[in-house]
Amino acid sequence: MENRKSFYITTPIYYPSDNLHIGHAYTTVAADCMARFKRMQGYDVFYLTGTDEHGQKIERAAREKGMEPIEYIDRIVANIKKLWHTLLISNTDFIRTTEPRQKEVVQKIFNRVYEQGDIVLSEYEGWYCSPCETFFTERQLAEGKCPDCGRDVEMLKEASYFFKMSKYAPRLLEHIENNPEFIQPESRRNEVVNFIKSGLDDLCVSRTTFQWGIPVPFNQSHVVYVWFDALINYLTGVGYLQDDELFAKYWPADVHLMAKDIIRFHAIIWPIMLMALDLPLPKKVMAHGWIMLEGGKMSKSKGNVIDPGILVEKYGVDAIRYYLIKELSFGQDGIYSEEILVSRINSDLANDLGNLISRTVAMIIRYFQGSIPAAGTSTDLDLQLKEAAQLAFREATERLEKLDFSNYLHATSRLVSRANKYIDETAPWQLAKDPSQTERLATVMYNLMETIRIVLILTAPAMPTLMARANQQLGLWEDCTKVTWNDAGIWGVTSSGAQVSRGEALFPRVDIKTLEEGPAGAPVSGETNSAEDAPTNEKTIEPEYITIEDFARLDLRVAEVIACEKMKKADKLLILTLRVGEEERTVVSGIAQHYTPEEMVGKKVVLLANLKPTKLRGVMSHGMILAASDDKYVDVLTVTKDIASGERVK
Ligand code: MSP
């Protein structure tokens with residue numbers, strides 16, 4: 001049956017060291033938008049995502065929780081899959097690097113590249129921190145000490161396998177030069193080219209300092225370097241060495257999508273691995289920017305990550321996906337804030353798109369008893385609207401082909417605005433007063449329905465539930481799943497006589513006050529936000545309640561005191577070293593008159609982890625530990641059961 005053109009798109013496989021945040025959701029939603037677009041164009045799409053489960057960090061995170069690595073990551077992977085389900089991600093497969101299929105392919109590839117002489121055994125020399133079990137280069141050291149724990153490091157040599165990347169550098173440069181579309185955007189391509197030109201070192205592709213990885217097939221004391229393992233997922237996912245038919249259908253990948261942090265792995269190491277395997281290179285490696293917060297990058301240790309699952313619960317999946325896809329300009333960073341999110345929902349979706357549909361439905365009900373009328377003769381205004389629709393189709397298509405997600409939705413927004421302007425220009429309420437204008441009124445209604453139909457098709461890859469939800473009111477399609485992308489390129493296919501009916505608001509307005517005052521719970525619909533519902537002006541004395549969302553802003557964690565000393569020349573202060581999950585932190589606490597350092601070591605305390613760091617007597621304090629106190633006592637709150645450090649207190 002299959003002669004359709006194929007399209008293979010991937011996201012990075014994410015580290016399951018912790019739950020994912022809105023940044024990871026961005027890549028996955030953007031790739032999903034592309035996958036849906038291509039499916040609507042009739043392509044046979046393979047969309048792969050998954051998790052990168054090996055390596056020392058994951059092993060350590062698990063051990064700190066007293067768990068086996070696989071037991072630890074199984075839980076997080078289940079959450080990740082749930083999140084993708086919530087965001088309506090339509091991935092074809094989900095690959096985990098701990099699966100047997102990955103082990104088999106990685107080992108076969110390692111063997112082959114070794115046998116052909118591109119992987120060789122040599123010696124790795126570097127600064128080693130034995131408590132952290134990590135090698136560092138001279139440059140990575142912090143004043144000659146371990147950049148992670150600050151302890152002394154020693155120069156160590158170990159036998160390692162090296163991948164001879166430099167051999168392939170000229171071929172890679174030539175490929176990049178001859179294929180300007182290969183690395184996108186251009187700024188990243190230039191970065192990569194400069195990096196290659198500055199000279200490529202051979203890559204150390206094995207480790208002996210930990211076990212959590214795929215063993216080197218012919219030397220079991222080494223495990224394969226986690227990136228060498230991870231990149232191969234893109235081959236395993238489509239059946240390399242396991243399902244020749246599947247592989248032939250989808251390889252080479254059309255797009256590897258990711259953020260700029262990992263472009264070099266994908267645009268240098270990965271193509272060279274493929275060259276060593278004699279496989280065609282992916283057609284495009286595209287790096288988008290980062291979603292940042294006003295205070296900088298989102299990070300788990302700062303405790304400022306945004307959970308996309310909660311946002312979907314609050315605002316709905318279509319709105320969150322729309323916001324994400326529109327927010328990051330091509331290749332640029334963007335700032336996330338809930339205020340911007342809400343204003344996008346209110347302006348683009350509730351005011352512009354939602355109103356266009358509800359006004360049109362209301363007018364067809366009022367003027368034509370709900371039956372879509374046939375169009376009569378067209379005027380210039382009608383032709384302008386039609387042209388705007390055709391332009392939106394062309395622009396949306398071109399922008400999506402280029403993975404310029406934001407401008408794709410700007411193109412659809414422009415069409416929605418044009419249609420709203422068309423309503424003002426044609427003033428149907430005036431036409432309705434004049435019986436001689438019935439045909440004109442019918443034409444205006446028909447053109448609005450046609451524009452709405454096109455907008456719904458064009459926005460479907462971004463907002464997967466909108467078309468079907470709107471169709472309950474519009475009755476445009478018998479089966480929304482059969483609608484194709486190219487249906488949006490033609491004008492005049494809506495049949496007259498179909499019935500529209502009034503329905504729920506497609507995008508309820510969010511009351512901005514819910515953000516300022518909390519609870520930032522359910523969206524507030526325009527209809528209920530009437531003057532009658534406003535609180536009365538009576539003065540009542542109420543306690544100042546906070547909401548559960550306010551409380552949730554406090555990142556309280558179990559922390560284990562692993563070292564403690566008195567602050568010199570300060571009789572009230574202790575300097576505590578805390579272990580919080582994978583991380584170590586210094587916290588200064590004013591409890592020295594109540595606790596000796598020895599009494600504190602070993603205690604599991606409660607840490608306010610996202611308190612702004614501050615300097616106390618020259619020492620940076622990263623958080624605050626909690627204690628109960630009165631005039632007489634200070635009692636540090638401790639956790640008495642065997643709960644691992646890093647766990648949340650709530
Ligand atoms: N496991 C590697 C990837 C291996 S792929 C063969 C890895 N994992 S990761 O969990 O750190 O994910 C990094 C990717 O997550 C980024 O490249 C990007 O796709 C996404 N993002 C993580 N944080 C992000 C933002 N704040 N903003 C945008 N994208 C972000 O690297």
Side-chain angles (χ1 to χ4, degrees), residues 9-34 48-58 61 73 76-77 79-80 83-84 87 89 94-98 102 105-106 109 184 188 205 212-214 224-238 253 255-274 282 285-302 304-308 323-325 327-337 403 405-406 582:
I9 183 164
T10 68
T11 70
I13 49 171
Y14 305 107
Y15 293 126
S17 45
D18 208 336
N19 289 331
L20 301 187
H21 57 64
I22 196 172
H24 307 102
Y26 174 76
T27 316
T28 316
V29 164
D32 188 65
C33 176
M34 196 63 193
L48 184 68
T49 187
T51 39
D52 183 0
E53 306 189 355
H54 290 127
Q56 194 172 23
K57 279 206 174 135
I58 304 253
I73 52 193
I76 295 172
V77 170
N79 290 343
I80 294 175
L83 178 62
W84 296 159
L87 281 164
I89 302 302
F94 185 104
I95 185 163
R96 301 182 55 177
T97 52
T98 48
Q102 172 77 354
V105 176
V106 168
I109 288 178
Q184 286 293 315
R188 298 288 150 223
V205 287
W212 183 240
I214 296 179
V224 175
Y225 170 47
V226 67
W227 270 99
F228 195 88
D229 166 1
L231 288 161
I232 289 173
N233 92 86
Y234 300 132
L235 293 178
T236 311
V238 286
V255 181
H256 292 313
L257 187 66
M258 73 214 67
K260 58 189 179 181
D261 51 339
I262 54 176
I263 184 76
R264 288 187 196 168
F265 294 94
H266 286 80
I268 302 175
I269 300 178
W270 180 228
I272 290 182
M273 285 168 70
L274 292 167
V285 175
M286 162 76 195
H288 57 72
W290 280 326
I291 298 188
M292 318 274 281
L293 297 180
E294 267 145 4
K297 226 188 146 195
M298 233 176 300
S299 86
K300 287 161 198 160
S301 54
K302 282 195 205 157
N304 61 356
V305 294
I306 308 291
D307 179 346
Y323 164 78
L324 286 174
I325 293 170
E327 212 50 33
L328 280 194
S329 302
F330 191 67
Q332 306 290 308
D333 294 343
I335 299 272
Y336 165 84
S337 86
L403 303 150
F405 298 103
S406 174
E582 310 174 33

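The structure displayed is predicted, hence computed values, not measured ones. Numbering of ligands and ligand atoms starts at 1, following listing order.
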Review point. If you measure every N/O of I291 against every N/O of ligand 1, is any gap under 3.5 Å?
Key: yes
Review point. Does any N/O atom on I13 come nearer than 3.5 Å to any N/O atom on ligand 1?
Key: yes
Point to revise | Sub-4.0 Å heavy-atom contact, W270 with ligand 1 | key: no
Review point. Just by distance, with hydrogens left out, do E53 and T98 show a side-chain donor and acceptor under 3.5 Å apart?
Key: yes
Review point. Would you say ligand 1 has an N or O under 3.5 Å from any N or O of K297?
Key: no
Review point. Salt-bridged, D333 to K260, with N to O below 4.0 Å?
Key: yes
Exercise for review: Indicate the ring-plane relationship of Y234 and H266, choosing parallel, tilted or perpendicular according to the 30° and 60° boundaries.
Suggested key: tilted
Review point. Taking heavy atoms and a distance under 4.0 Å, where does L257 meet ligand 1: side chain, backbone, both or neither?
Key: neither
Check your understanding: Where does H21 meet ligand 1, judged by heavy-atom distances below 4.0 Å: at the side chain, the backbone, both, or neither?
Key -> side chain
Point to revise | Test log, rule side chain to side chain contact (heavy atoms under 4.5 Å, CB included), inputs I232 and M273 | key: CA-CA 9 Å; I232 289 173; M273 285 168 70; 3.6 Å; yes
Exercise for review: Kindly indicate whether the side chain of L48, heavy atoms from C-beta on, has any atom under 4.5 Å from the side chain of N233.
Suggested key: yes
Point to revise | Proximal candidate to atom 6 (C) of ligand 1 [heavy atom criterion; set F265, Y15, Y234, Y14] | key: Y234
Point to revise | Partner residues of R188 under the salt bridge (Lys or Arg N to Asp or Glu O under 4.0 Å) criterion, sequence neighbours left out | key: E191
Exercise for review: Check the pair Q102 / T97 against side chain to side chain donor-acceptor pair (under 3.5 Å), numbers first and verdict last.
Suggested key: CA-CA 6 Å; Q102 172 77 354; T97 52; 5.7 Å; no
Point to revise | Contact atoms of ligand 1, heavy-atom distance to G289 under 4.0 Å | key: 28 (C)
Revision key, fill the gap. Per-atom filter on ligand 1: closer than 4.0 angstrom to a heavy atom of A230 are 6 (C)
Review point. N/O to N/O below 3.5 Å, does that happen between L231 and ligand 1?
Key: no
Exercise for review: Would you mind listing which atoms of ligand 1 come within a distance below 4.0 Å of any non-hydrogen atom of D52?
Suggested key: 1 (N), 2 (C), 4 (C)
Practice item. For the pair T49 and Y14, evaluate side chain to side chain donor-acceptor pair (under 3.5 Å) and give the outcome as yes or no after the intermediate values. Key: CA-CA 8 Å; T49 187; Y14 305 107; 5.0 Å; no
Practice item. Specify side chain, backbone, both or neither for H288, according to which of its non-hydrogen atoms lie closer than 4.0 Å to ligand 1. Key: side chain
